[in-house]
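Structure record follows, encoded as structure tokens.
Only heavy atoms go into these numbers, but all of them, side chains included; no hydrogens, no water, no symmetry mates. By convention in this document, chain letters (A, B, ...) are assigned in the order of the sequence lines, proteins followed by strands, and residues within each chain are numbered from 1.
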Amino acid sequence: MKSCPFENLLLPYVQRELSKSDRFRLLSHLPTCQDCNQTLADLQTVDSSLRRHQREKAPHDLYVSYVEGLETRFRPEPFLKIRWRQLTELAGKLFLSSSPSFRLARAFAILLVGVLLGRQLFYPSTTSKINAFDSQQTATTLTKDDIQFIADYVVQSELLLLTIANSSADEPTDDLIYLNKDIAQTLLYKTAKVQRKAIALEDDVIIIFLNRLELVLLEISNRDDEEIRTTFRDIKNMIKESDMVQKSRRLQHRLETTLAESA
Amino acid sequence: MSRTAESDLKLVQSAKAGNKTAFGTLVKKYQQKVFYLAFDLVHDYDDAKDIAQEAFIKSFEKLQQFEERAQFSTWLYRIAVNLAMDQYRRRKRRPHESLDDNIHEIERQKNVEQMAEGQRSDMELQNSAQRQQIDKALMNLSPNQRAATVLKYFHQQSSKEIAHVLGCSESTARIHLFRAMKNLRKHLKGIQESL
Ligand SMILES: [Zn+2]
């Protein structure tokens, strides 16, 4: 069967990849050709089904074991080092610009760097304080590893919350989306474990905070860049209205106290 | 060059110069994408995990051969797609129904669970049936056609990128995609009529 010479324009047309002139040629041809009309209808049906298609989510345990396997084999740069590199790259760009919005963003970048430095200082003291705690662990108390695990999670999530809450624009830049998504995905896989452990702290505010944080992480990591752009303002409001940065500090404070009490 | 490609290139250069953790960072960045690409091609999460792991191991071993004119992501996808196709060829020797049965069994169990939970609406059940139909139709395509389709629709690759991943010309990539779409239409029609 000999096919119509216009046939090869149909798929690019459906996928919105056709140039203006080709689109015009095709649209003039369509009323005269039954075959092309039929093919076009078929392609459009399949195109829209595929666009709507959502795959089955992977079993959580399987995915975690996959990621952990990779982490053992290929150790990534330490988390703070990656953020540091991304932040300095970002800051480097900001310092080159002199527009007012960039100067605001610059102030915010410096704030983040401050947070990072503070945390790096926070870690060593944590480790030394909790040594005495090892001997008295029970099922309901938190072990040294648990506290370290939760502390990592909370400090990293505070960075994310601050990044979003302090961003001056309602539309995030590509840099910001990339940075946020990366952090959110990393954190999301630790969320269930953190929530389980945090029950031992017996603090409802912290539990609610962790649930809300999970929502924020889901909002960011499960969406494509375009969707994040449109929902960014909502996410930002949620963080501000529920005072999440303060609650994150409260949790960090609780972890410190728990360590001090047990020492 | 896009910002992502630019920062990938820096990491690749650093990894080639012997910085192992730079490669670890690339792994972290692409682990999710490669995993789901493998799943889209073989439709089995256990296999997808093996394929994705293997893809990272292979790409690390062959990193010195990676030419920096290309994008790292495309090169990585190509390795993953080739591994998935090998896997598919091996699996083809197994009885063909096993895949369909598997999908049906998983789908059936899930529907039972969903109804037991009493949380799912009719709409969601319908969507689940539709998803199953598309999965089945995709698995009936030739490996090249399936790869072109999932790269285009589930991994947002352009025809040019698909051509690089499949190691063919751009026009061949378009032909794979066109035939895939026509075959999908035929399969989906067939499934709907048999219901
Ligand atoms: Zn025609």
Side-chain angles (χ1 to χ4, degrees), chain A residues 3 7-8 10-12 14-15 17 38-39 41-59 61-79 81-82 85-86 89-90 93 173-175 178 181-182 185-186 188-189 221 224-226, chain B residues 2-4 7 10-11 19-29 31-32 35-36 39-40 43 45-46 48-50 52-53 56-57 60 103 106-107 110 127-128 130-135 137-138 149-150 152-154 156 158-159 171 174-175 177-178 180-186 188-189:
Chain A
S3 60
E7 193 188 67
N8 60 355
L10 292 168
L11 187 59
V14 169
Q15 294 172 341
E17 285 174 353
Q38 183 56 52
T39 309
D42 286 348
L43 292 176
Q44 274 167 337
T45 309
V46 177
D47 178 83
S48 80
S49 301
L50 288 171
R51 278 180 204 282
R52 280 196 316 254
H53 184 64
Q54 282 183 329
R55 73 169 79 75
E56 204 68 61
K57 231 179 149 47
D61 292 347
L62 184 132
Y63 189 80
V64 170
S65 87
Y66 160 72
V67 168
E68 285 174 351
L70 286 176
E71 262 173 15
T72 320
R73 199 182 279 268
F74 305 106
R75 285 187 72 79
E77 295 169 87
F79 189 85
K81 201 178 156 198
I82 299 174
R85 188 167 45 74
Q86 287 174 342
E89 277 173 20
L90 198 66
K93 290 199 169 179
T173 60
D174 288 346
D175 285 325
Y178 172 62
K181 226 174 166 172
D182 199 23
Q185 280 166 0
T186 315
L188 202 55
Y189 281 101
S221 62
D224 61 35
D225 295 358
E226 214 35 62
Chain B
S2 77
R3 191 172 148 68
T4 296
S7 84
K10 275 187 198 154
L11 288 167
N19 177 357
K20 270 191 184 166
T21 58
F23 190 79
T25 301
L26 283 168
V27 172
K28 214 163 180 48
K29 183 169 172 190
Q31 61 193 17
Q32 194 179 26
F35 177 76
Y36 281 110
F39 173 77
D40 290 334
H43 212 281
Y45 273 120
D46 285 308
K49 179 183 163 188
D50 294 342
Q53 263 166 351
F56 284 112
I57 292 168
F60 184 67
I103 295 177
I106 293 166
E107 214 47 58
K110 240 192 353 264
N127 285 346
S128 144
Q130 205 170 35
R131 173 165 66 204
Q132 183 191 338
Q133 286 175 9
I134 292 172
D135 284 338
L138 280 168
T149 311
V150 305
K152 173 81 196 171
Y153 282 96
F154 308 152
Q156 289 73 45
S158 67
S159 300
S171 59
R174 285 218 182 86
I175 290 170
L177 199 52
F178 182 74
M181 303 278 282
K182 286 195 107 174
N183 284 332
L184 283 173
R185 178 70 187 138
K186 212 156 58 191
L188 291 172
K189 251 186 192 162

Heavy-atom pairs under 4.5 Å with chain A, option from B:I175, B:L138, B:I57 with the top count: B:I57
So, the part of B:F178 with a heavy atom under 4.5 Å from chain A: the answer is both
Evaluate the side-chain proximity of B:L177 to A:Q15: yes if any heavy-atom separation is below 4.5 Å, no if none is. yes
Classify the ring geometry between B:Y45 and B:F35 as parallel (under 30°), tilted (30 to 60°) or perpendicular (over 60°). parallel
Toward chain A, the part of B:K152 with a non-hydrogen atom under 4.5 Å: side chain
Based on non-hydrogen pairs under 4.5 Å, which of B:K20, B:Q53, B:Q156 is most in contact with chain A? B:Q53
Salt bridge check: are A:D47 and A:R51 linked by an N-O gap of less than 4.0 Å? yes
Between A:T45 and chain B, with a heavy-atom cut-off of 4.5 Å, which part of the residue counts as in contact: side chain, backbone, both or neither? side chain
Could you tell me whether the side chain of A:Y189 reaches within less than 4.5 Å of the side chain of A:E68, counting heavy atoms only? no
For B:F39, is it the side chain, the backbone, both, or neither that has a heavy atom closer than 4.5 Å to a heavy atom of chain A? side chain
Which answer fits A:R55, side chain, backbone, both or neither, if we ask what part of it has an atom under 4.5 Å from a heavy atom of chain B? both
Quick one: what part of B:L26 sits under 4.5 Å from any heavy atom of chain A, side chain, backbone, both or neither? neither
What are the two closest non-hydrogen atoms of B:A22 and B:L11, and how far apart are they? CB-O, 3.6 Å
Honestly, the part of B:F154 sitting under 4.5 Å from a heavy atom of chain A is both
Among A:V14, A:N8, A:V67, which residue forms the greatest number of heavy-atom pairs with chain B at distances under 4.5 Å? A:V67
Heavy-atom side-chain proximity of B:Q133 to A:S49 below 4.5 angstrom: no
Where does B:T149 contact chain A at under 4.5 Å (heavy atoms): side chain, backbone, both or neither? side chain
Ring centres under 6.0 Å, that's the criterion: do A:Y63 and A:Y66 meet it? yes
Nearest heavy-atom pair of A:F74 and B:F23: which atoms, and what distance? CD2-CD2, 3.7 Å
